[in-house]
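Remarks on the structure that follows.
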Amino acid sequence: MADMWTIERDDEGIAWVGLDAPGKSTNTLDRQVLDAFETVISGFEKNPPNGIVLYSKKDAGFIAGADIEMLGELEEEVLRGVLEDGKALLDRFEALPCASAAMIHGHCLGGGLEVALACDRRVARTDAEAGS
């Protein structure tokens, strides 16, 4: 998890949660990313922060969505299970007893948009550096 999701709590108890999917130029959601996010959420369920800020550590944008290569390799039943697991995971994130925000720059598509929508607030950059 440490190489994928990083968590830093500031002096006000806000958890800054950064995603940097290893070996990829763009953050996408695959089974490893979702499994590691489940670990993050489980930790917050046991020890809730005062707030959560999700952000991408990649210059290329927030989250581009599902890993298309992974999806193409899955049987229909397995794919359905992955999608249901992802939805249940975001439901757990939404149910956390603290406010949350997504800091968005560049692309935020498909599952990435779902992650952003699971947050209470979204803040998006629209300048040239944000890739928009």
Reported NE2-to-CG distance for the pair His107 and Asn27, which is rounded to 0.5 angstrom: 7.0 Å
Reported CG-to-CG distance for the pair Asp35 and Leu89, which is rounded to 0.5 angstrom: 9.0 Å
pair Thr39-Met4: side-chain heavy atoms closer than 4.5 Å: no
Interatomic distance, Arg80 atom CZ to Asp85 atom CG [nearest 0.5 angstrom]: 12.5 Å
Taking every non-hydrogen atom, the tightest pair across Cys119 and Leu54: SG-CD1, 3.7 Å
Side-chain donor or acceptor of Ser56 paired with backbone N/O of Gly61 under 3.5 Å: yes
Any Glu45 side-chain heavy atom under 4.5 Å of Ile41 side chain: yes
Considering all heavy atoms, the nearest Met103-Trp16 contact: SD-CZ3, 3.7 Å
Close side-chain approach of Leu29 and Phe37, heavy atoms under 4.5 Å: no
Point-to-point distance, once rounded to the nearest 0.5 Å, from NZ of Lys58 to NZ of Lys24: 8.5 Å
Side chain proximity check, Trp5 to Val33, heavy atoms < 4.5 angstrom: yes
Beyond-backbone contact of Ser100 with Glu94, side-chain heavy atoms, under 4.5 angstrom: no
Enclosure of Arg31 CZ (heavy-atom neighbours >12, cutoff 6.0 Å): yes
Nearest atoms (heavy-atom pairs only) where Asp120 meets Ala99: OD2-CA, 3.1 Å
Side-chain heavy atoms of Lys57 within contact of Leu19, under 4.5 Å: no
Single-linkage hydrophobic cluster, 4.5 Å side-chain cutoff, Leu90 and Val40 together: yes
hydrophobic_cluster_shared for Ile7 and Leu34, side chain cutoff 4.5 Å: yes
Side-chain donor or acceptor of Arg122 paired with backbone N/O of Ala116 under 3.5 Å: yes
Side-chain donor or acceptor of Asn50 paired with backbone N/O of Ile14 under 3.5 Å: no
Distance-minimising heavy-atom pair for Cys98 and Pro49: CB-O, 3.3 Å
Heavy-atom neighbours of Gln32 CD exceed 12 at 6.0 Å: no
4.5 Å side-chain heavy-atom contact, Pro48 and Leu96: no
Contact check, side chains of Tyr55 and Val123, non-hydrogen atoms, under 4.5 Å: no
